[in-house]
Each structure stands twice: as structure tokens, then as C-alpha cells.
Number of protein chains: 2
Amino acid sequence: MAQTEGAEKSGTRAEMREETERAILDAAEGIFAEAGFGGATMQAIADSCGLPKANLHYYFSSKEKLYRRVVERIFTVWLEAADSFDTDATPEVALRRYIERKMQLSRDYRYGSKVWANEVLHGAPIIQDYLETTLRSWTETRVAVIRRWIAQGAIRPVEPRWLLYMIWATTQHYADFAHQIETLNHGPLEADQWDDATETVCSIILRGIGIDPGAPA
Amino acid sequence: MAQTEGAEKSGTRAEMREETERAILDAAEGIFAEAGFGGATMQAIADSCGLPKANLHYYFSSKEKLYRRVVERIFTVWLEAADSFDTDATPEVALRRYIERKMQLSRDYRYGSKVWANEVLHGAPIIQDYLETTLRSWTETRVAVIRRWIAQGAIRPVEPRWLLYMIWATTQHYADFAHQIETLNHGPLEADQWDDATETVCSIILRGIGIDPGAPA
DNA sequence: AGCAGACCTGACCAACCAGTCAAGGTCGTT
DNA sequence: AACGACCTTGACTGGTTGGTCAGGTCTGCT
């Protein structure tokens, strides 16, 4: 009994290592999000996951390496989410699904979004290469999709980049500026507020580009 | 000749003091924006404005006091800009003017916007009182204006807060995420790109809430 | 059992940073 | 001219932080 003390203790050596690394990454994500790279201390991260500081350096050789891994992990989640854009569906379905997914991520991965925002805000000193390779190529494929929609007359002609930025900005705002939103809201958003906000974002953007939401396909 | 060496040297004592303080605040805004509060060092700010570090402490007793003054200054600029919302104009005119002004500010006060974003991102540890007093009351008056528009049938019924957040998020994105945008754009946005982005943001939001932009008033 | 390698950690160090201070310089006023 | 208030600055300090390391513990394998 009491077999699972620290939620690790079972599994192979490799599994335990992976689990410890994940615990450190989780803690680091929260601390980096709240304090920034410069403001975060290894000691605070260690305290947050109940490990001695020296142990962190056993798994991650330096603060910067740890930070990079945190950012990489978030970026991966976002890229996977971005696949909801990939379908051959109509603009209405594809965009609605993408926006809904991004709102969901803002709700579920608030800290990850904050770390990313923080990194870009400061000029992306650590993950500049990601911007120039993965993000750029992803963006270009989506821009092409949007251009095709425009050519087909399915949506109003707008520069695709400005549309993408609008979606990113609006959805991530609910994570990055959560503190401001919650202050103005006198508390965290309720489930129905999240739903209403999501629906409002969808409807404004879809109508804004000339789609009448709810109209039969 | 060469009377104005460091752009200070003339004027009364009080004027010179004010000018020095402004130079420090300008330098601090840039450093805080790029490095965050924790990552910024007083030495870096001192170097940035060509003053010895000890001199900064003569004008601003502590790093936190200096930071607070930087944030306060930005907040003031934003509040003044917000007056473009205050008119009795139609929703189309009022919103268009507000969005255009906010885009302008993102272009002209990029660093200020970044410092604000950084502060809110980290839970507003320094300026929480501003959120609870000034920002909250400002927001409530604008929410009331938007509700009146809805009651008059001038715009589609949407929760006013989500609309405001959308405007803030989208416009400020062009300052806070400027680095990401410029990376994807292979360089800074040109003047016509700024104009096009502004027009696109306006048109999507206005159409999105049921206004047909360009229609005669 | 016993060994090798992976894992853990308290104590320590060099680097760095916000803030201080005392001594010297400059300006307005009488 | 001369006095006091204001301004400037190099040198210093107490405290903090990222990173190291030696010695200990645990695990899986033969």
C-alpha cells in the first residue's frame, strides 16, 4: 500500500526518467510564464516540483536548455492543433474548427501560451530558428489555402496574413491576458462565458470575411 | 556653437531635470520591453542612455519605482487614445477611429505596448491597482456605450467585452508580436502594409458586428 | 550476493546585481 | 564673490543566482 508515493515509483528506468523530466517541465512552464526567463530562478522551479535544485541540473544541463525544452513542447502542441486547419472542408468549417481549438488551448494551456508570448515579446532570442523554419512554412501553406478560398469567391478578399494574425491574437489573448480579463470579470470566466466568447470570436471573424455563419453549406 | 551637446544643456534646472528623467524613462522602456523586469539590469539601462548607474538611482530611488513610472506613462498614452471612443458618433465612425488609433499606437509605441503586455502576462504584480480602478471604470463606460448601440439595433448583439478584447488583442498584437510578424514578413512592415492591415482589421470587425463599412450614414 | 552504472543531493563557489556612499563638481542666488 | 542646494560618479557591498562536485544511495543484472 502507498505504492505510488510521488506519483513515480513504478515503471521502467526510462519511464521514471521521462516522468521526472515531465514534472520538471511542468513546473518550469508555470514559473517561466509567471516570472519570465530572467525573473525565474532554478530554485523556484525546484521548489515547485519538490526536487533539490542540483537535481534539475542533472536532467537539464542549464537554465537555457530547460527553457528551450519548455518552449519546444508548447510549439509542438500548437502545431498539432493547427492541423484542424488542414482539411478540405469549407472555409466556415475549417476556420470555425481552428478558432474553437485555439480558444480551447488558451483555456487548457494558459502557461504555455504565456511562455511563448514572453519569448516572442523579447525578440525570440532562444527560438528564432523555429520562427524562420517551422512557423514560416506552416504559415505559408495556410496562406495558400486562404488564397484559394478567395480565388473561389468563398470569402471576401483580405490579405491572409492579417486574418491569421487576428485569429492568433484574439484567441491567445484569452491566455496571455487572462489576468486582465479576470480582473475585469471579477473572477475567472465561467464555462458559459468561454462558450459565448468563442462563439462571438467565430461569428465576428466569419461574418467579417463575408461568410454568413449558420447558412447552409 | 555645439551648444546642445547631449540634447540637454539649456533650459532651467527643472527643465533639465525633466529632460534627464525622460531620457532615462525612454531607455528603461526599451530595456524593460526587450528583457522583462527580471532580465533588465540597471546597468543596461544606464548604458542605453549614456549615464552612470549611480545617476539613475539619484532620479529613481529603485528599479521598481522606475519600472512603475514606465508603465504609468504608457497607460496614460493609452487612456488618452481611448477618448476617440468617447464621441457620440455612429458605431462605425467611433470604432473605426478607435481601431485606427490603436494600430497607430502599436506602430509608434511598440516598446510601451510590450512592457504593458509583459506586466499583465506576469500577473500585473506592480500595476494591479490600475487594472482595478482606472481600466475597470473605463471599460465599464465603453461597455455601456456598446450596449446602447445594440439596444438601438445599430450593431449585432454581441457581448461588449469580447468585442473590446478582440480590438485590444488584434491591434496590440502588431506591437507585442512585432518580432514574429517581421520574421514572417522578411522585414518590417511597409507603410502600405500597415494601412492594409489597419483597413482589414477595421473591415472584419465592423462587418463582423453587422455594419456594412462604406455604406452611407 | 555483489558489482557497475544510473540517480540523488547538501554544500560550495564565482559571477552578477541592486542599491549605497562619500567626495567632488556645477549652478542659481544674494 | 561666496554660499548652499543640486547634481554627478567611481568605488564599494551585501545578497542572490546559475552552475559544480564529491560523496552517497538505489536499481537492475549476472
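Keep in mind the model is a prediction, meaning the values are calculated, not measured. First the proteins, then the strands, lettered A, B, ... as listed; each starts at 1.
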Rounded to whole Å, CD of E15(B) lies from P of dC27(C) at a distance of 15 Å
Give, for atom CD of Q180(B) and atom OG1 of T183(B), the distance between the pair rounded to the nearest 0.5 Å. 7.5 Å
Could you please spell out the steps behind the salt bridge (Lys or Arg N to Asp or Glu O under 4.0 Å) verdict for R17(B) and E21(B)? CA-CA 6 Å; R17(B) 178 174 191 113; E21(B) 281 185 5; 3.4 Å; yes
Rounded distance in Å - CZ (F60(B)) to C1' (dT20(C)): 18 Å
Gap between atom OG of S113(A) and atom CZ of R107(A) - 0.5 Å precision: 15.0 Å
Would you say the ring centroid of W168(B) lies under 6.0 angstrom from that of Y165(B)? yes
In whole angstrom, give the distance that lies between atom NZ of K65(B) and atom P of dG19(C). 10 Å
So if I take every side-chain heavy atom of K63(A) and compare against dG18(D), dA11(D), dT9(C), which nucleotide ends up nearest? dG18(D)
Using a heavy-atom cut-off of 4.0 Å across all strands, would you classify A44(B) as base, sugar-phosphate, or nothing? nothing
Taking only the side-chain nitrogens and oxygens of R17(B), find out if one of them lies under 4.0 Å from OP1 or OP2 of dC7(D). yes
Starting at OH of Y59(B) and ending at P of dT20(C), how long is that distance when rounded to a whole Å? 17 Å
Minimum-distance nucleotide (side-chain atoms of P52(A) versus dT8(D), dA18(C), dG10(C)): dG10(C)
Euclidean distance, K53(A) NZ relative to D47(A) CG, rounded to 0.5 Å: 10.5 Å
Rounded interatomic separation in angstrom, taking CG from L51(B) and P from dT9(D): 6 Å
Could you tell me the separation between the CE atom of M16(B) and the C1' atom of dT8(D), rounded to a whole number of Å? 11 Å
DNA chain D nearest-nucleotide lookup for A54(B) and A14(B): closer to the 5′ end is A14(B)
Roughly, in whole Å, what's the span from CG in L56(A) to C1' in dC7(C)? 14 Å
Could you pick out which residue, N55(A) or S61(B), lies toward the 5' side of DNA chain C when each is mapped onto its nearest nucleotide? N55(A)
dC21(D) C1' sits how many Å from H57(A) NE2, rounded? 13 Å
Between dC8(C) and Y58(A), is there an OP1 or OP2 to side-chain N/O distance shorter than 4.0 Å? no
